[in-house]
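Excluded from the calculations below are hydrogen atoms, water molecules and symmetry mates; all remaining heavy atoms, backbone and side chain alike, are included. Just so it is clear, the structure is predicted and the values come from calculations on it, not from any experiment.
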Amino acid sequence: MLDVLWLSFLVGGLGLALVNGRSEAVTLALMQASAEAVELALGLVGAMAFWLGLMRIAEEAGLVRGLARVLAPLFRFLFPSVPKGDQAEGAILMNIAANVLGLGNAATPLGLKAMQRLQELNPHPEEATPAMCTFLALNTCCVTLVPTAVLAARAAAGSSAPAVIVGPTFLATLTATVVAVAADRLFRSRWKR
Amino acid sequence: MAAALLWASNAAVLMFVLLVLVAGWCRGVKVYETFLAGAQEGFELAVRLIPYLVGMLVAIATLRASGLLDIALAPLRGPLATLGLPPELLPLALARPLSGSASFALMADALQTYGPDSLLGRMASTMQGATDTTLYILTVYFGSVGVKRTRYALPVGLMADVAGIGAAVFIARLLWG
């Protein structure tokens, strides 16, 4: 998918440049963009290191676990089919908590663990269960409290106020989550095997 | 309302940092050591991003410098403007569900081109934070357990993406438009 997109961007742009006399500008742009990419990544190093260092402290201090406990009542509403106290419950809650804190890297292994357990509860292993669909829906739009990488990129780009987007991002992710949960409920009740 | 949200955005980050440090200290975490271990990971992550950034920024630069982007977006300009989505950010909105690293590169490009404190820069940041990479998550999560029929998971994820991006555009307009 992305393969085709990337190829068509480049081939289309290069082809057009050859015919409309912009080859010089495009050559220059190519060189500048690749240099800019490295500069950008190196500019990210500091802020990313700071946030991930802080997040590691949060994890070890049990803040992720604590947030998972706060979210537990919501869990019953979202995943009625998962048995109470099942290990899927812990993994799902930790995954969501990690997502909320912007810990993408820590969230994925927890999410995969939750998926494995949900699959063990699945009577038709080739087909997703409603609980799996709900879990996926939450993962694709999760409420975000600290958009770590975005903050880092804004700081690296020389923003005078990198954090102004935290509140708006929270509200936007909240909207997406509400829509996802509502759509999930609607589809679930309409779905016929 | 807007001023309060902006104040809360700034205060939230500082309070969060403070909370983490105090909580870590109270729980007996070796804060400095732990911080260094995490920071090491941040360095690796940023360096690992380089190839993705080079690939995407070069493609976008080619699109823009050749004039193809203008041609391709011309017919969409009107309808999108009525919805409040600036055509400049259309590639970002389209790439967001497909690839996290690609959309990150597009957002970074918007920050460079329009400035991080411009309306476009702030809107791009909010859009990037607003949703996650639906297709990637779907592929990895379902792939890891061998689920082939994903039922309604994809439409639900995409609807959430549209809602998230729409909300990002609306909120950014409201605050900074």
Side-chain angles (χ1 to χ4, degrees), chain A residues 2 6 9-10 12-13 16-17 22 25-26 29-30 33-34 37-38 40-41 44-45 48-49 52-54 56-58 60-61 63 112 115-116 119 126-128 133 136-137 139-141 144 147 150 153-154 157 159-160 163-169 171-173 175-176 179-180 183-184 187, chain B residues 5-6 8-10 12-13 20 23-24 27 29 31 34-35 37-39 41-43 45-46 49-50 53-54 57-59 61-63 65-66 68 98-99 108 111 116-117 125-126 128-132 134 137 141 144-145 147-153 156-157 159-160 163-164 167-168 171:
Chain A
L2 211 59
W6 189 73
F9 281 8
L10 275 171
L16 183 66
R22 293 214 195 169
V26 171
L30 280 180
S34 33
V38 177
L40 183 69
L44 276 178
V45 170
M48 283 303 265
L52 290 179
L54 195 73
R56 185 68 70 93
I57 298 177
E60 298 219 352
L63 287 182
L112 293 181
M115 229 27 206
Q116 251 159 32
Q119 180 70 330
E126 297 244 303
E127 181 164 315
C133 289
L136 258 288
N139 250 284
T140 59
C141 64
T144 309
V150 177
R154 291 179 55 77
S159 170
S160 60
V164 290
I165 52 101
V166 171
T169 300
L171 289 182
T173 52
T175 310
V179 168
D184 178 69
F187 275 91
Chain B
L5 189 61
L6 296 188
S9 283
N10 281 305
V13 172
V20 170
R27 297 280 174 88
V29 176
V31 277
T34 310
F35 176 83
E41 195 192 334
F43 178 76
L45 201 69
L49 262 177
I50 290 179
L53 287 172
V54 172
L57 292 188
V58 165
T62 309
L63 269 187
S66 67
L68 186 58
L98 293 177
S99 159
L111 295 183
D117 298 323
S125 308
T126 310
Q128 174 68 17
T131 61
D132 214 322
T134 300
I137 293 177
Y141 279 29
S144 74
V145 293
V147 165
K148 293 192 183 94
R149 286 192 298 277
T150 61
R151 286 204 196 195
Y152 48 84
V156 169
M159 283 164 84
I171 295 166

Exercise. Based on non-hydrogen pairs under 4.5 Å, which of A/Ala183, A/Ala25, A/Pro147 is most in contact with chain B?
Worked result: A/Ala183
Exercise. What residue in B/Thr131, B/Thr150, B/Val54, B/Leu63 has the most heavy-atom pairs under 4.5 Å with chain A?
Worked result: B/Leu63
Problem set entry | A/Arg22 (side chain) donor-acceptor with B/Ala65 (main chain) under 3.5 angstrom | yes
Problem set entry | For chain A, the option from B/Thr126, B/Val145, B/Ile50 that forms the most heavy-atom pairs under 4.5 Å | B/Val145
Exercise. Between A/Thr173 and B/Ala130, which heavy-atom pair has the shortest distance, and what is it?
Worked result: CG2-O, 3.3 Å
Problem set entry | Nearest atoms (heavy-atom pairs only) where A/Ile165 meets B/Ser125 | CG2-CB, 3.8 Å
Exercise. In terms of heavy-atom pairs under 4.5 Å, which option from A/Ala17, A/Ala29, A/Ser159, A/Gly12 contacts chain B the most?
Worked result: A/Ser159
Exercise. Who passes salt bridge (charged side-chain N to carboxylate O under 4.0 Å, His left out) against B/Asp132, sequence neighbours left out?
Worked result: none
Problem set entry | Heavy-atom contact with chain B under 4.5 Å, split by part of A/Gln119 | side chain
Seminar exercise, completed: A/Phe187 and B/Met159 have their tightest heavy-atom pair at CE1-SD, 3.7 Å
Exercise. Between B/Val29 and chain A, which part of the residue has a heavy atom less than 4.5 Å away: side chain, backbone, both or neither?
Worked result: side chain
Exercise. Between CZ of B/Arg149 and CD of A/Glu126, what distance do you get to the nearest 0.5 Å?
Worked result: 6.0 Å
For this session: With a 4.5 angstrom heavy-atom cut-off, could you sort out which part of B/Arg27 is near chain A: side chain, backbone, both or neither?
Result: side chain
Exercise. Chain B heavy atoms under 4.5 Å from A/Thr144: which part of the residue, side chain, backbone, both or neither?
Worked result: side chain
Problem set entry | Residue among A/Val38, A/Asp184, A/Leu30 with most heavy-atom pairs under 4.5 Å to chain B | A/Asp184
Exercise. Below 4.5 Å, heavy atoms only, C-beta onward: do B/Val58 and A/Leu10 meet side chain to side chain?
Worked result: yes
For this session: Counting only heavy atoms closer than 4.5 Å, note whether B/Ser144 contacts chain A via side chain, backbone, both or neither.
Result: side chain
For this session: Would you mind telling me which of B/Asp117, B/Leu53, B/Leu111 has the largest number of heavy-atom pairs within less than 4.5 Å of chain A?
Result: B/Asp117
Problem set entry | Atom pair CG (A/Leu136) and CD1 (B/Ile137), whose distance is rounded to the nearest 0.5 Å | 7.5 Å
For this session: Grab the two heavy atoms, one from B/Ser66 and one from A/Leu16, that are nearest each other, plus how far apart they are.
Result: O-CD2, 3.3 Å
Exercise. Between B/Phe35 and A/Leu54, what is the shortest heavy-atom contact and its length?
Worked result: CD1-N, 3.6 Å
Exercise. Of the listed residues (A/Asn139, A/Leu63, A/Val179), which shares the most heavy-atom pairs with chain B below a 4.5 Å separation?
Worked result: A/Asn139
For this session: For each of B/Ala39, B/Ala61, B/Gly129, B/Ala108, tally heavy-atom pairs with chain A at distances under 4.5 Å, and name the one with the top tally.
Result: B/Ala39
For this session: Determine the option with the most heavy-atom pairs under 4.5 angstrom with chain B, choosing from A/Ala49, A/Ala176, A/Ala33, A/Ala180.
Result: A/Ala49
Seminar exercise, completed: Heavy-atom nearest pair, B/Pro116 first then A/Arg154, reads O-NH1, 2.9 Å
